[in-house]
Amino acid sequence: MSKPNRTPDKQGQDEIAKSYDPSQVEAKWYQFWLDQGYFTPTLDPEREPFVIIMPPPNVTGELHLGTAFTAIIEDALVRWHRMKGDPTLWLPGSDHAGIAGQNVVEQLLAQEGLSRHSLGREKFLERMWEWMNKYKKIIVDQHRKLGASCDHTRERFTMDAGPSLAVRTTFARLFNEKRLIYRGERIINWCPRCATALSDLEVDHKEISGQLYYVRYPLEHDNDEFVTVATTRPETILGDTAVAVNPDDERYQNLVGKKAVLPAIGRAIPIVADEAVDPSFGTGAVKITPAHDPVDFEVAQRQGLPSINIMDLDARMNENAGPYRGRDRFECRRDLLTYLEDAGLLVKTEPHEHSVGHCQRCQTIVEPRLSKQWFVSTAPLARPAIEAVVERRIEIIPERFTKVYLNWMENIRDWCISRQLWWGHRIPAWYCVKCDGSRIDVLPQEEFKRRRELTDAWYQYSYLMGDPDIPETQIPHEEIVAGIDLVEIDLAAKPIVAVDAPEQCPTCGGRDLLQDPDVLDTWFSSALWPHSTLGWPADTEDFRYFYPTSVMETGYDILFFWVARMIMMGLENTGDVPFRHVYLHGLIKDDKGEKMSKSRGNVVDPSQTIEKYGTDALRFALCTGNSPGNDMRLGSHKLEGSRNFANKLWNASRFVIGNLHDVELETPSGVLPPEDRWILSRLNRTTADVTQLLEEFQLGEALRSIYDFLWTEYCDWYIEIAKIRLRAEGNGSSPLPVLVHVLETALRLLHPFMPFITEEIWQTLRARQPDGKPDSIMIAPYPQADAGAIDVSVEQEMDLVIEIIRSIRNARVESTVDPARYIEAWITAGDAKPVLESHGATIAALARVRPLSIQEDGAGHEISRDRAKVLVLKGVEVVLPFEGMIDVDAEKGRLLKEIEGYEKEIRRIESLLKNEAFLAKAPAHIVEKERLKLDDRKDRLSRSQERVAQL
RNA sequence: GGGCGGUUAGCUCAGGGGUUAGAGCACUGCGUUGACAUCGCAGGGGUCACUGGUUCAAAUCCAGUAUCGCCCACCA
């Protein structure tokens, strides 16, 4: 017996570890790929590139599972395309993250006892940059851990010179030429803690069980008459400028035109009629607070009512609140309610569910507030963005999000883009102090001081209502308040908007110019990301070659924030879509289906997971059993299974490599044995399936297909059969060429999903068998299915062989035959005799039968028939002469159960085949299939019945 | 208020007009067979939420119901 893999050879193949240890493998290959420059594409004008711009990861500085999920899906797509030979660019980058970024650094400062105001704007921004640079390094390290094959040489940051220029260029063009950016005074969402305006999207609405307060307003000149209004925010009474009723509401006809008097401050306000009022809600009379409610603001516009702002930027009551000046809004609510109750003006209080806006970044209750801000006029931008999707120039995956996108786009509202922060792209607008000085108010120092003298009441309240996920900031309250910018610029002032800071005022030539203190919404720069990262507005080679990009892959949670805006801005700036496909993935939850969060303590840290299970296992777990747009759970079971798969592959490879010793491998050719043709057929079918699934973005299904092929077909059957052939040295052809070929091909199929282990095995194989293999599996060609190798008849043949082996094994277990013992078996094979003979050795070895006799008919088999177990299979019978080991009753029972099943099926098919409509309308191949099945079942039935009769 | 999605094996999920509905985990029995016990072999386990409709054929398509979840919305 020659056992080539028995003794360790010179290269030490037996030193291949018995189980796969990712930590020994992963880091070295990432460095190797980097050193080889594989992540950087070569521009080939002859070929269409594949391009993904990576969504900038979140800013916490930790590797988050969501980030990992994104990176893993994209890496799979990117590696696949690169192996297909497409010039492939995966461009990574990071985002300055606006409020979120500023908050992170502010909290870090708080731990040092500092604040952004104690540092001042300039120093603070230095700290921001310092942190960002550190954070960018962390991101690169994350890519390394995850195996992300992105092109670091093209890494971008939203505040780099290029993307910043893109921001200013876009802003200037939209303002000066397109008139799609304007300054306006509107009701916006104001976060009193962040002290900035927010866009509508940055407000989380939560259902709150609050109270609806019914308050009486006495009528002017008639203190015994009242009009009763209902409100959830009584403190806004102080800013009321009218009471409105529906014009058709008969109850209030006589009041319209009269005046009511506001409690507590005694201001007389008109009672007006307006369509916006729903007579069935509350009392049918609505208090109108134009400066603190969007609907009220509209009513005021229609009715020509004044707006009275009653709060400061920190949501404390201002001088318009009379006696409540200086109190926090919720403190004021409480005190005012006490007053109303004492005055007999509070009619009743009833529980009321309503939705309250919270700041997405700090969960403070947002205050609607009339404010001067910059806006993008979105409707004209939305039109082409809608068309692009309707016309399928952009395809959203999964498809159902198309409707969500279109619905949002069609109802889009203007986008408030100015933020009162320090961190971000400063708005490129300047004001001439000479021309507009009188229109610019810098708040006086006393006001600044006053705002520092504040209590924390409102602040604590905010957190009581807040999401426990958001850690309570340690920034001293007064510091936050002081951060409110103190420049107020009248709408009449004329901004000079330019890409670069102007030297002088174009009107008067004055050189004293004041830049707008606000910065832009971080999503403004994000909206430009696909083109700004490629060099736009410059006409760069990258931009020309790589734009539009191929796929935008990101979570569905930022469809509006980001994807929608990229489509609008991409179309506006470049005239072309930013990407062809949008692939939306879901959220990752823990194994109980709960959202992962620090406060729940159920966060799966990818770094730890990688350490424990390996990157490839994490990648496998995140790619498999999941479909686009659906949330997925990730728990230890899934990770273990993934790790086990890696180990399985490792050991199968170990087996193959171990047998390569001293063997000259030829390319599989000539007439191959049926097992070889079978596994090659399955391989090619798998390849075809995988390719199609990848093209449809069904990564999970593609991976499952590879998994099934490798584990079930290659390991469980082909390798087991190969072992038999290897043992039978000299006889017949060696399975090694096919064994290696299939492994090598499957590795390439799998590589986009599990890059490290596939590279490690590939390199080991390559060391054994250089034969012109590429230096790395990641630049090896992706397998292409050879339709000619798909052989239906050999697959059917193997199906029968497998059925025979399984049935014999099952019979052995049923009859409790010692697993090690060989038993005799006779097969009555009919026409299948030659075919089964060619698999005789396989059946004998895997079913542990000896001797095995294969006959065309039952000749020579009938003698012991009544004492044998007879397995009725498709067209063949397997007779196991167990000699008295048979429990006749049990055997009968088994057969009767089989017979019952066959009869049921036969009845179904017969009635189907009698059905004229079926025969007329069903496709021919379906009818044929049913006929064949009927024949087979009838055949089995009669043979089983015969067998029962014998017993 | 509007919209979307889920409901499939004990659990977690794929699938999706046409064989006997799949996987992983869990479960039962057997197994230290020279790749792998992170394994192998053989099993058990499902009225595909419910009701109706379309169809030759429905787990799959349509409508409705129930239930869970998510998104959007100016419910004072």
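Chain letters run A, B, ... following the sequence lines, proteins first, then strands; residues in each count from 1.
Nearest nucleotide to the side chain of A:Arg806, out of B:C41, B:A42, B:A35: B:A42. Of the candidate nucleotides B:A42, B:A76, B:A73, B:A73 has the atom lying nearest to any side-chain atom of A:Arg413. The A:Asn647 side chain lies nearest to B:U38 when the options are B:A35, B:A76, B:U38.
At B:C36, one or more side-chain N or O atoms of A:Arg654 fall inside 4.0 Å of OP1 or OP2 (strictly under the cut-off). Under 4.0 angstrom from either OP1 or OP2 of B:A14 there lies at least one side-chain N or O belonging to A:Asn630. Taking side-chain N and O atoms only, A:Asn407 has no distance below 4.0 Å to OP1 or OP2 of B:G2.
Between the C1' atom of B:A42 and the CD atom of A:Glu803 lies a distance of 15 Å, rounded to the nearest Å. Note: CZ (A:Arg633) to P (B:C25) measures 18 Å, nearest angstrom. When the C1' atom of B:C70 is taken as reference, atom CD of A:Glu207 falls 14 Å away, rounded to whole Å. Separating the CE atom of A:Met632 from the C1' atom of B:C13 is a distance of 9 Å, rounded to the nearest angstrom. Atom-to-atom, CZ of A:Arg821 to P of B:G31 comes out at 15 Å; the value is rounded to the nearest Å.
Distance check on atom C1': B:G31 versus B:G69 gives 45 Å, rounded to whole Å.
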Pairing annotation in dot-bracket form, given for RNA chain B with Watson-Crick or G-U pairs under 3.5 Å and | for cross-strand partners = (((((((..((((....[...)))).(((((.......))))).....(((((..]....))))))))))))....
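Taking 3.5 Å as the limit, the base of B:C36 and the side chain of A:Lys648 contain a donor-acceptor pair of atoms between them.
Under 3.5 Å, the side chains of A:Glu350 and A:Tyr213 contain no donor-acceptor pair of N or O atoms.
Less than 4.0 Å separates RNA chain B from at least one heavy atom of each of the following residues of residues 907-919 of chain A: A:Arg908, A:Asn915, A:Ala917, A:Phe918.
Ring centroid separation for the pair A:Tyr707 and A:Phe620 comes in under the 6.0 Å cut-off.
For A:Arg809 and A:Lys18, each mapped to the nucleotide of RNA chain B holding its nearest heavy atom, the one lying further toward the 5' end belongs to A:Lys18.
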